[in-house]
Amino acid sequence: MNIINQKIMKRILLFAAMVLPLFATSCNKHLDHPDIYPDYYSFVTAEVKDGALQRFYTDDGRSLVAENGSNIKIADNQRAVIYFDLVNKEDKDKEDALIRVIDIDMDVVVAKSAIVADENAAKALGDNGTSVNLSPNRPQITSKYFNIYLGFNSSKPEKHEFTMAYIESTANDTKILDLTVCHNDNGDSSANEWWTWVSFPVDEFASLYEGKDKVRINIKTRMSGIQTIELPVPTASNVKRASFFPTNE
């Protein structure tokens with residue numbers, strides 16, 4: 001299978017939302033067989049040896065071996081989102097599964113997380129507007145990351161930096177933990193629109209989850225003020241074993 005990374009399709013988010021409603025995929029990606037829809041998708045990290053893909057690891061350490069892996073070109077330890085079918089249906093609950101990759105999204109940025117004193121300190125990490133996509137690329141949480149699909153104006157996406165911040169001065173006694181997405185465009189202003197998955201590590205806030213039921217993520221958008229996302233607190237009791245997600249979920 002030839003998996004093509006088509007950057008020119010980045011702007012067709014609305015088309016992707018209409019044509020591919022069953023699963024979350026970056027709109028710069030192409031399905032070799034558009035009449036075939038994968039059963040699952042997963043956030044993964046690639047293991048590559050001597051230039052050959054060995055397997056993918058999910059965030060909870062499950063191993064997914066691609067039977068068509070010889071055709072997938074990816075760097076070692078690169079984070080990605082894969083869309084796939086199980087070769088053997090009985091592998092669904094096993095530690096190791098043989099899969100057939102239908103599509104892959106390598107536009108995944110691993111961001112930073114930080115605890116800061118006040119709102120000024122958060123703004124210093126970045127105060128540029130960012131759009132968030134809720135469908136079909138709905139936010140997901142795994143045992144390691146908050147995964148959010150974000151859009152921004154850019155001609156050089158690699159210059160953009162993202163940080164998830166907890167602002168100590170806004171602490172409260174409610175059951176909701178407030179976090180803020182900080183976006184620093186580093187002067188990259190452009191009319192071009194870019195969308196990518198951003199994975200924010202959850203462990204930085206481990207000491208703050210006690211007594212909280214939800215995490216509320218505040219995002220300064222480009223045109224619509226502050227938008228919020230609510231996700232479960234990333235603890236063993238709230239986060240399901242996130243090896244992979246059904247595409248029709």
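Note that the structure is a prediction, hence the values are computed from the model and not measured.
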Problem set entry | Shared hydrophobic cluster, Ile167 / Phe146 (ILVMFWY, side-chain heavy atoms < 4.5 Å) | no
Exercise. Phe205, Ile229: one ILVMFWY side-chain cluster at the under-4.5 Å cut-off?
Worked result: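 Yes; tracing contacts between hydrophobic side chains, which count when under 4.5 Å, links both residues.
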Quick one: does any side-chain atom of [X] pair with a main-chain N or O of [Y] as donor and acceptor, under 3.5 Å?
X: Arg55; Y: Arg62; value: no
X: Asn88; Y: Glu90; value: no
X: Asn186; Y: Lys159; value: yes
X: Ser42; Y: Thr58; value: no
X: Thr196; Y: Asp107; value: yes
X: Asp76; Y: Val48; value: yes
X: Asp39; Y: Asp85; value: no

Exercise. Given side chains that start at C-beta, do those of Asp96 and Val65 come closer than 4.5 Å, heavy atoms only?
Worked result: no
Problem set entry | Close side-chain approach of Thr130 to Val132, heavy-atom, < 4.5 Å | no
Exercise. Does the pair Phe56 and Phe84 meet the rule for a ring-ring contact (aromatic ring centres under 6.0 Å, His included), with working shown?
Worked result: CA-CA 12 Å; Phe56 296 107; Phe84 62 94; 8.7 Å; no
Just by distance, no angles: are the side chains of [X] and [Y] close enough, under 3.5 Å, to form a donor-acceptor pair?
X: Asp188; Y: Ser154; answer: yes
X: Asn77; Y: Thr45; answer: no
X: Ser189; Y: Asn153; answer: no

Exercise. So which heavy atom on His183 is nearest to which on Gly129, and how close?
Worked result: ND1-O, 3.2 Å
Problem set entry | Within 45° cone of Tyr145 ring axis and under 6.0 Å: Arg79 NZ or CZ | yes
